[in-house]
Amino acid sequence: MSTGALPPAGDWIRGISIKQPWAACILHGDKRIENRARPWPWRGWMLLHTSQQTDRAALRLPPVARTIRGHGLPTGAVIGVARLTGCHQDPDSAPPCGPWSEPGRWHLELDDVQELPLPIPARGHLGPWKPTADLVDQVLQQLPDLRP
């Protein structure tokens, strides 16, 4: 936009709620696939929100344990941003697209992952959700160069 103003919050960014420790693996490791039951039509920036629940069984998986070692696992907060660049499903006979992909699931492809210096307490939702203007403003205070 020529005025330098951003479009309304819901027009250029969405939120995605992810259980811990999976969200921490996105921020602190090489997890660039988020597994979902359905494809997502949205492409663009996503707030990485941690749901209230933690996947306790995942904490015992060696790749997860190595990735999250020394990192906190905040829940109920926006902890970073990522750009959703694509969504695919591996063909039935094909090998997995990566070490974090689950067979039979839709794979959200994440790029440009950035951690927030401080988690922002927030409520998430199932599926891609539109953040409030206030929440986007709080994220932009910490990541001032983030733009559509």
Side-chain angles (χ1 to χ4, degrees), residues 6 9-132 134-148:
L6 292 175
D11 291 342
W12 70 279
I13 195 165
R14 294 289 185 272
I16 180 172
S17 295
I18 304 169
K19 288 182 181 179
Q20 288 287 28
W22 303 112
C25 289
I26 292 169
L27 283 183
H28 305 296
D30 64 349
K31 185 177 188 298
R32 294 298 177 264
I33 293 293
E34 172 58 19
N35 299 286
R36 293 292 158 143
R38 291 185 227 38
W40 283 31
W42 173 259
R43 299 295 181 272
W45 286 106
M46 305 283 292
L47 301 179
L48 299 176
H49 173 267
T50 57
S51 59
Q52 292 288 344
Q53 296 178 340
T54 297
D55 183 347
R56 298 252 175 243
L59 295 171
R60 293 186 294 278
L61 299 173
V64 172
R66 283 190 301 271
T67 302
I68 65 171
R69 184 177 181 187
H71 296 286
L73 298 176
T75 58
V78 173
I79 61 171
V81 298
R83 200 164 41 87
L84 177 59
T85 59
C87 180
H88 71 275
Q89 231 180 1
D90 293 335
D92 289 336
S93 60
C97 65
W100 298 97
S101 63
E102 294 177 5
R105 306 285 283 189
W106 286 91
H107 303 153
L108 306 184
E109 302 163 17
L110 305 175
D111 199 1
D112 300 323
V113 176
Q114 300 173 54
E115 183 178 13
L116 292 177
L118 298 170
I120 302 169
R123 292 183 57 131
H125 305 279
L126 294 176
W129 47 272
K130 289 183 181 182
T132 64
D134 181 57
L135 181 55
V136 173
D137 287 345
Q138 290 179 62
V139 169
L140 291 175
Q141 286 175 2
Q142 296 187 47
L143 299 175
D145 295 329
L146 182 67
R147 292 290 179 254

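Bear in mind the structure is a predicted one, so any value in this text is a computation, not a measurement.
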Student: Ignoring hydrogens and angles, state whether a donor on the side chain of Asp134 or Gln138 is under 3.5 Å from an acceptor on the partner side chain.
Tutor: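 Side-chain D/A pair, Asp134 to Gln138: present.
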Student: Do any N or O atoms from the side chain of Gln89 and from the backbone of Gly104 form a donor-acceptor pair under 3.5 angstrom?
Tutor: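 Judged by distance alone, yes, a pair lies under 3.5 Å.
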Student: Above 12 or not: heavy atoms from other molecules or residues under 6.0 Å from CG of Asp111?
Tutor: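 More than 12 heavy atoms, drawn from other residues, nucleotides or ligands, come within 6.0 Å of this atom.
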Student: Picking from Leu59, Ile79, Ile68, what satisfies side-chain contact (heavy atoms from CB on, under 4.5 Å) with Gln20?
Tutor: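 Answer to the side-chain contact (heavy atoms from CB on, under 4.5 Å) test with Gln20 among Leu59, Ile79, Ile68: Ile79.
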Student: Leu110 vs Arg83, test: side chain to side chain contact (heavy atoms under 4.5 Å, CB included). Steps then yes/no.
Tutor: CA-CA 6 Å; Leu110 305 175; Arg83 200 164 41 87; over 6 Å; no
Student: Taking the side chain as C-beta and beyond, is there a heavy-atom pair between Lys31 and Glu34 under 4.5 Å?
Tutor: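 Result yes, sub-4.5 Å side-chain heavy-atom pair found.
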Student: In Å, rounded to the nearest 0.5 Å, how long is the span from CG of Asp90 to OG of Ser101?
Tutor: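 So the CG of Asp90 and the OG of Ser101 are separated by 5.0 Å.
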Student: Answer whether the closest heavy-atom distance between the side chains of Val136 and Trp12 falls below 4.5 Å.
Tutor: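 A side-chain contact under 4.5 Å exists here.
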Student: Looking at every non-hydrogen atom in both residues, tell me the closest pair between His49 and Trp129 and how far apart they are.
Tutor: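 Nearest pair, atom of His49 first, then Trp129: CB-CZ2, 3.7 Å.
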Student: What heavy-atom pair brings Pro21 and Val64 nearest, and what distance separates the two atoms?
Tutor: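 Smallest heavy-atom distance, with atoms named: CG-CG1, 3.4 Å.
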Student: Is Glu102 atom CD crowded by more than 12 heavy atoms from other residues, nucleotides or ligands, each under 6.0 Å away?
Tutor: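 Atom CD in Glu102 is packed in, count exceeds 12.
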Student: Does the Thr50 side chain pair with the main chain of Lys19, one donor and one acceptor, at a distance under 3.5 Å?
Tutor: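 A pair under 3.5 Å: no.
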Student: To check you understand the geometry: which heavy-atom pair defines the closest contact between Met46 and Ile13, and what is its length?
Tutor: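 Residues Met46 and Ile13, closest heavy atoms: N-CG1, 4.2 Å.
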Student: Could you name each residue pair satisfying ring pair (Phe, Tyr, Trp, His ring centres under 6.0 Å) that touches residues 81-115, not counting sequence neighbours?
Tutor: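 Every ring pair (Phe, Tyr, Trp, His ring centres under 6.0 Å) pair that includes a residue of residues 81-115, provided the two are not neighbours, is His88-His107.
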Student: Between atom CZ of Arg69 and atom NE2 of His28, what is the distance when rounded to the nearest 0.5 Å?
Tutor: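 Answer for the CZ-NE2 pair, Arg69 versus His28, is 14.5 Å.
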Student: Just by distance, do the side chain of Arg14 and the backbone of Leu47 share a donor-acceptor pair under 3.5 Å?
Tutor: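 It does not hold such a pair.
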Student: Could you state the interatomic distance from CG (Leu27) to CH2 (Trp22), rounded to the nearest 0.5 Å?
Tutor: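 Interatomic distance, Leu27 CG to Trp22 CH2, rounded to 0.5 Å: 14.5 Å.
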Student: Taking the side chain as everything from C-beta on, heavy atoms only, tell me whether Ile16 gets closer than 4.5 Å to Leu48.
Tutor: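 When only atoms from C-beta onward are counted, Leu48 and Ile16 do touch, with a gap below 4.5 Å.
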Student: Determine whether more than 12 heavy atoms belonging to other residues, nucleotides or ligands lie under 6.0 Å from atom CZ of Arg43.
Tutor: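 Enclosed: over 12 neighbouring heavy atoms sit under 6.0 Å from CZ of Arg43.
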Student: Can you tell me how far apart OG (Ser51) and CZ (Arg123) are? Round to the nearest 0.5 Å.
Tutor: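 These two atoms lie 12.5 Å from each other.
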Student: Can you see which heavy atom on Trp45 is nearest to which on Gln114, and at what distance?
Tutor: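 Looking at all heavy atoms of both residues, the shortest contact is CH2-NE2, 3.6 Å.
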Student: Using side-chain heavy atoms (C-beta onward) and a distance below 4.5 Å, is Arg36 in contact with Ile18?
Tutor: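 Heavy-atom side-chain distance check passes, below 4.5 Å.
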Student: If you look at every heavy atom in Leu146 and Val139, which pair is closest and at what distance?
Tutor: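 Minimum heavy-atom separation between Leu146 and Val139: CD2-CG1, 4.1 Å.
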Student: Taking all non-hydrogen atoms of both residues, which atom of Ala24 and which atom of Leu73 are closest, and how far apart?
Tutor: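 Minimum heavy-atom separation between Ala24 and Leu73: CB-CD2, 3.6 Å.
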Student: What pairs with Ala57 under side-chain contact (heavy atoms from CB on, under 4.5 Å), at least two apart in sequence or on another chain?
Tutor: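 Partners of Ala57 under the side-chain contact (heavy atoms from CB on, under 4.5 Å) test: Asp55, Arg60.
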